[in-house]
Amino acid sequence: MEEGVKNFRLNTFGKVLIGGFALVAIAVMILTIMEQQPDEVGSCGDWDKQGIDVSHYQGSIDWEKVANETNIKFVYIKATEGSSHQDTTYVRNTQQARRAGLAVGSYHYFHPNVPVATQYKNFMSLVDLSTQDLIPVIDIEEKGRKPSKQICDSLDKFSSMVLAQWGTRPIIYTHQRFYNYLLQRSFDDHILWIARYGAYNFKPTPSLEDKRQCTIWQYSNRGIVEGIKGHVDLNTLFEGAEINDIMLKRRFKKTTAKVL
């Protein structure tokens, strides 16, 4: 009889354990499916503080629809990457987004293993300062083969070049994990733009280990915006930040720009 009770308990425990694993698996599956759902503009943050960032991956954009049928207030457009890559849609996107009345800025995708001077030269060979409304952005998402200190030093050199020509430090964009791993406590005088995504309608806000607060939060990479085919990154000005916080404080004269 005692053996029967023991077997009953073991069988019951096994069923409970298997049932628990099954529930966890179902919950993970549901969250994964939810996370893959597209997000609408304003699903996080204040409706009147929304922004997007685009590149050639978004294809041909109808900027009039973006401006008229959504509440997008600011746009960051990919200009360059590394020492030689230039986004083929940059000039068109910049001209048409500004023509539609949107505040426009540019970003450079930073390669840690490429000389800083050649990267900045590439960036400025494409960007016309007179077309810029927003503080420029350095996008860093990869470590490469360099030690952390050397990467931070390289970023600081690029930042100093921006400061000398633009009169402001650039905004630093990265993912939360990368910032906590490599950049924290190194760029206190820079505005931060942090990407952190989560399951649909359960989006965790950015949490930085050095207790800093970002100014822009990229909360989705699966946004749906009228005028753009496919998905686009969605951003919001974060907790008290205003559009003026990311606007250039000086205007530049017309420079030589590439023509469509």
Side-chain angles (χ1 to χ4, degrees), residues 44-45 49 51-55 74-83 85 87 105-124 127 132 134-198 203-221 233-242 245-248:
C44 279
K49 297 180 181 180
I52 57 175
D53 54 280
V54 301
S55 69
F74 64 93
V75 179
Y76 271 103
I77 300 172
K78 182 176 182 178
T80 51
E81 178 175 337
S83 62
H85 176 77
D87 195 281
S106 304
Y107 74 89
H108 171 80
Y109 189 95
F110 192 82
H111 284 194
N113 299 318
V114 176
V116 175
T118 61
Q119 294 198 64
Y120 186 70
K121 182 179 180 181
N122 183 33
F123 184 56
M124 292 311 303
V127 174
Q132 303 301 293
L134 307 175
I135 297 171
V137 170
I138 305 176
D139 176 348
I140 177 156
E141 304 176 39
E142 57 186 79
K143 185 178 185 295
R145 300 183 299 273
K146 286 189 174 182
S148 299
K149 185 180 185 307
Q150 287 187 26
I151 294 174
C152 290
D153 289 345
S154 294
L155 275 177
D156 186 63
K157 288 179 183 177
F158 192 103
S159 173
S160 295
M161 292 176 182
V162 172
L163 176 62
Q165 189 166 11
W166 297 63
T168 183
R169 292 284 186 184
I171 294 170
I172 292 179
Y173 166 91
T174 192
H175 295 273
Q176 175 185 285
R177 185 177 298 176
F178 191 91
Y179 178 85
N180 285 335
Y181 164 67
L182 194 141
L183 302 180
Q184 62 168 303
R185 298 185 178 88
S186 297
F187 295 93
D188 291 346
D189 54 348
H190 291 68
I191 292 173
L192 299 179
W193 177 3
I194 300 295
R196 189 183 190 189
Y197 315 137
K203 300 191 182 302
T205 58
S207 178
L208 306 182
E209 291 179 2
D210 59 6
K211 306 305 180 183
R212 286 196 63 194
Q213 180 170 295
C214 64
T215 297
I216 309 173
W217 171 25
Q218 186 179 94
Y219 60 86
S220 175
N221 61 350
D233 295 337
L234 297 181
N235 306 275
T236 184
L237 295 173
F238 190 57
E239 291 193 352
E242 301 293 340
D245 295 332
I246 60 173
M247 296 287 287
L248 280 170

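Both backbone and side-chain heavy atoms feed into the values below; hydrogens, waters and symmetry mates do not. Computed from a predicted model, the values in this text were never measured in an experiment.
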Could you give me the CA-CA distance, side-chain angles and deciding distance for Ile216 and Leu237, then say whether side chain to side chain contact (heavy atoms under 4.5 Å, CB included) is met? CA-CA 5 Å; Ile216 309 173; Leu237 295 173; 4.0 Å; yes
With sequence neighbours left out, what residues match Met161 under side-chain contact (heavy atoms from CB on, under 4.5 Å)? Val116, Ala117, Tyr120
Distance col, row Ile171:CD1 vs Ile138:CD1, nearest 0.5 angstrom, shows 10.5 Å
Taken in chain and number order and not counting sequence neighbours, the residues that satisfy salt bridge (charged side-chain N to carboxylate O under 4.0 Å, His left out) with Glu242 are Lys49
Could you give the side-chain donor-acceptor pairs of residues 145-153 under 3.5 Å, partners two or more places apart or in another chain?
residue, atom, partner, partner atom, Å
Lys146, NZ, Pro112, O, 3.3
Lys149, NZ, Asp153, OD2, 3.0

Distance in Å, His175 NE2 paired with Glu142 CD, rounded so as to fall on 0.5 Å steps: 11.0 Å
Distance in Å, Arg196 CZ paired with Ser207 OG, rounded so as to fall on 0.5 Å steps: 6.0 Å
Any Met247 side-chain heavy atom under 4.5 Å of Ile135 side chain: no
State, with a plain yes or no, whether a side-chain heavy atom of Tyr197 is found less than 4.5 Å away from one of Gln218. yes
Quiz: residues 183-192 side-chain donor-acceptor pairs under 3.5 angstrom, not counting sequence neighbours:
residue, atom, partner, partner atom, Å
Gln184, NE2, Asn180, O, 2.7
Gln184, NE2, Glu209, OE1, 3.0
His190, NE2, Ser159, OG, 2.6

Is any side-chain heavy atom of Ile172 closer than 4.5 Å to a side-chain heavy atom of Val137? no
Partner set under side-chain hydrogen bond (donor to acceptor under 3.5 Å, both in side chains) for Trp193, not counting sequence neighbours: Asn235
Got Leu208 and Gln176 here, is their nearest side-chain heavy-atom distance under 4.5 Å? yes
What distance separates Leu155 CG from Phe110 CZ, expressed to the nearest 0.5 Å? 5.0 Å
Partners of Asp139 by side-chain hydrogen bond (donor to acceptor under 3.5 Å, both in side chains), sequence neighbours excluded? none
Distance-minimising heavy-atom pair for Val162 and Pro136: CG1-CG, 3.7 Å
Hey, mind stepping through His111 and Ser83 against side chain to side chain contact (heavy atoms under 4.5 Å, CB included) and telling me if it holds? CA-CA 8 Å; His111 284 194; Ser83 62; over 6 Å; no
Please report the interatomic distance CD1(Ile52) to OH(Tyr76), rounded to the nearest 0.5 Å. 13.0 Å
How close do Leu248 and Gln132 get, counting heavy atoms only, and between which atoms? CD1-O, 3.5 Å
So, does Gln119 use its side chain to make a donor-acceptor pair with the main chain of His108 at under 3.5 Å? no
Which is it for Ile140 and Phe158 under the side chain to side chain contact (heavy atoms under 4.5 Å, CB included) test, yes or no, and what are the steps along the way? CA-CA 12 Å; Ile140 177 156; Phe158 192 103; over 6 Å; no
Stepwise side chain to side chain contact (heavy atoms under 4.5 Å, CB included) test for Ser55 and Tyr109: CA-CA 11 Å; Ser55 69; Tyr109 189 95; over 6 Å; no
Residues that Asp210 engages under side-chain hydrogen bond (donor to acceptor under 3.5 Å, both in side chains), provided they are two or more places apart: Tyr179
Please enumerate all residues that pass ring-ring contact (aromatic ring centres under 6.0 Å, His included) together with Phe238, with sequence neighbours excluded. Trp217
Name all pairs fulfilling the salt bridge (charged side-chain N to carboxylate O under 4.0 Å, His left out) condition that reach into residues 157-166, sequence neighbours left out, sorted by first residue then second. none
If the condition is side-chain contact (heavy atoms from CB on, under 4.5 Å), which residues does His85 pass it with, not counting sequence neighbours? Lys78, Glu81
Report the residues that fulfil side-chain hydrogen bond (donor to acceptor under 3.5 Å, both in side chains) with Thr174, sequence neighbours left out, ordered by chain and then residue number. none
Least distance between heavy atoms, Trp166 atom then Met124 atom: NE1-SD, 3.6 Å
Atom CG in Asp87, atom OG1 in Thr80: separation rounded to 0.5 Å? 9.0 Å
